[in-house]
Amino acid sequence: MLPRDFYRRDALDVAPRLLNKVLVHDDPGHGRLAGRIVEVEAYMGEHDPASHAYRGRTPRNATMFGPPGHLYVYFTYGMHWCANAVCGEDGVASAVLLRALAPLPPLEPLWARRPTARRERDLCSGPAKLCQALGIDKEFDGEDLVEGRIRIVDDGTPPPDEPDVSPRIGIREAVDHLWRFSVPADPNVSR
DNA sequence: GGTGTGATCGTA
DNA sequence: ACGATCACACCA
């Protein structure tokens, strides 16, 4: 289990360290839903024009302003959920968007939650896809990643020494920052 | 492989 | 009015 102190630095520090960690949802009665984190983006809160926190605290983004090591889940495009790991000290909005996972066994429950997926690399290769695959929705906004139903685990696989670094995807503001990190050559990284 | 478009609704 | 997206159609 990653300790809470892991998340206490800002999102730009934490983001590359989250690569190759394992996101697990132990869903009672539905088994274990899990994937290895292979793509993330850093959002730097009130100083970042691309962050939901840029214009201050609202009911929607309140979790981001709370203590580190919790899950910030938001709804977008009228139909999709996306999930972040909240970073920084309590009161500071800083978060890492989880953008892609490499699916981990058992794969059957992941396929069941992603009926449109045709190939294994379609299961979790996007921020909304991975939430659908792991059953993450608004019920999990604020969930404790250290002791809650959804956790991030270190299974001993280190982050890549030299992650791929690129601009963030799907934003209009602050597009010049290279705050997207991914595992080189992993087929599950979003296109 | 790439590009373009419709879906769908909470939020500010 | 727009969004930290996805799936599908179409072209190559």
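Naming convention: chains lettered A, B, ... in sequence-line order (proteins, then strands); numbering from 1 in each chain.
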(message) Take N1-N3 plus N6-O4 or O6-N4 for Watson-Crick, N1-O2 plus O6-N3 for G-U, both under 3.5 Å. Which runs of 3 or more such pairs involve DNA chain B?
(response) B:1-7 with C:5-11, B:9-11 with C:1-3

(message) Taking salt bridge (charged side-chain N to carboxylate O under 4.0 Å, His left out) as the cut-off, I'd like each qualifying pair that reaches into residues 145-155 of chain A, sequence neighbours left out, listed once.
(response) A/R36-A/D155, A/E139-A/R149, A/E143-A/R149

(request) With sequence neighbours excluded, tell me which residues meet side-chain contact (heavy atoms from CB on, under 4.5 Å) with A/T58. (result) A/R60, A/N61

(request) Please list, chain by chain and in numerical order, all residues satisfying side-chain contact (heavy atoms from CB on, under 4.5 Å) with A/H80, sequence neighbours excluded. (result) A/T76, A/Y77, A/A128

(request) Using a strict 4.0 Å threshold on nitrogen-to-oxygen distance, state whether A/D122 and A/R119 make a salt bridge. (result) yes

(request) Return the value, rounded to whole Å, for the distance between atom CZ of A/R191 and atom C1' of B/dG4. (result) 18 Å

(message) Let's see if you get this right: which residues in residues 117-133 of chain A place a heavy atom under 4.0 Å from DNA chain C?
(response) A/G126, A/P127, A/A128, A/K129

(request) Give a yes or no on whether the backbone of A/V146 and the side-chain of A/D144 come within a donor-acceptor separation of less than 3.5 Å. (result) yes

(message) Whether the side chain of A/R32 engages the backbone of A/H25 through a donor-acceptor N/O pair (distance < 3.5 Å, no angle test) should be reported.
(response) no

Please table the atom pairs, donor to acceptor, closer than 3.5 Å between any side-chain atom in residues 90-108 of chain A and protein atoms at least two apart or in another chain.
| from | atom 1 | to | atom 2 | distance (Å) |
| --- | --- | --- | --- | --- |
| A/S94 | OG | A/A11 | N | 2.9 |
| A/R99 | NE | A/E39 | OE2 | 2.9 |
| A/R99 | NH2 | A/S190 | OG | 3.4 |

Check nucleotides 10-12 of chain C against the protein and report each pair of N or O atoms closer than 3.5 Å, with its distance, or say if there are none.
none

(request) State whether the aromatic ring of A/Y43 stacks on the base of C/dA4, taking stacking to mean ring centres under 5.5 Å apart and ring planes under 30° to each other. (result) yes

(request) Pick base, sugar-phosphate or nothing for A/R99, based on heavy-atom distances below 4.0 Å to the nucleic acid. (result) sugar-phosphate

(request) Determine, using the 4.5 Å side-chain heavy-atom cutoff (strictly less than), whether A/Y43 and A/L23 are members of one ILVMFWY cluster. (result) no

(request) Flag yes if A/Y74 and A/F140 sit in one hydrophobic cluster, no otherwise; membership is Ile, Leu, Val, Met, Phe, Trp, Tyr, and two members link when side-chain heavy atoms are under 4.5 Å apart. (result) no

(message) What is the distance, to the nearest angstrom, from the OH atom on A/Y74 to the P atom on C/dC2?
(response) 18 Å

(message) Suppose we screen for side-chain contact (heavy atoms from CB on, under 4.5 Å). Which residues come up paired with A/R55, at least two apart in sequence or across chains?
(response) none

(message) Taking side-chain contact (heavy atoms from CB on, under 4.5 Å) as the definition, give me every residue that meets it alongside A/S125, ordered by chain and number, with sequence neighbours left out.
(response) A/K129

(message) Given C/dA4, C/dA7, C/dG3, identify the nucleotide with an atom nearest to the side chain of A/T116.
(response) C/dA7

(message) Checking side-chain polar atoms at under 3.5 Å, does A/R114 have a donor or acceptor matched by the opposite partner on A/Q132?
(response) yes

(request) Quickly work out the A/N84 CG to C/dG3 C1' distance and round it to whole Å. (result) 14 Å

(request) Please tell me if the side chains of A/P167 and A/D176 come closer than 4.5 Å, counting only heavy atoms from C-beta onward. (result) no

(request) Identify, residue by residue, the members of residues 175-188 of chain A with a heavy atom below 4.0 Å from DNA chain C, and return them in order of residue number, or none. (result) none

(message) Without decimals, in angstroms, what is the distance between A/E41 CD and C/dT5 C1'?
(response) 12 Å

(message) Going by the rule ring-ring contact (aromatic ring centres under 6.0 Å, His included), which residues pair with A/Y54 if we only count those two or more places apart in sequence or in a different chain?
(response) none

(message) Before we go on, tell me: are the rings of A/Y7 and A/H70 under 6.0 Å apart, centre to centre?
(response) no

(request) Assign a letter to each nucleotide of nucleotides 6-12 of chain B from its 5' end: B, base within under 4.0 Å of a protein heavy atom; S, sugar-phosphate only; -, no contact. (result) -BBBS-S

(message) I want to check one thing: is the phosphate of C/dA7, taken as OP1 and OP2, less than 4.0 Å away from some side-chain N or O of A/R114?
(response) yes

(message) Under 4.0 Å, heavy atoms only, any strand: does A/I171 hit a base, just the sugar-phosphate, or nothing?
(response) sugar-phosphate

(request) Using whole Å, report how far CG of A/L97 lies from C1' of C/dT5. (result) 11 Å

(request) Please work out which of the three classes, parallel, tilted or perpendicular, describes the rings of A/H52 and A/Y72, given edges at 30° and 60°. (result) perpendicular

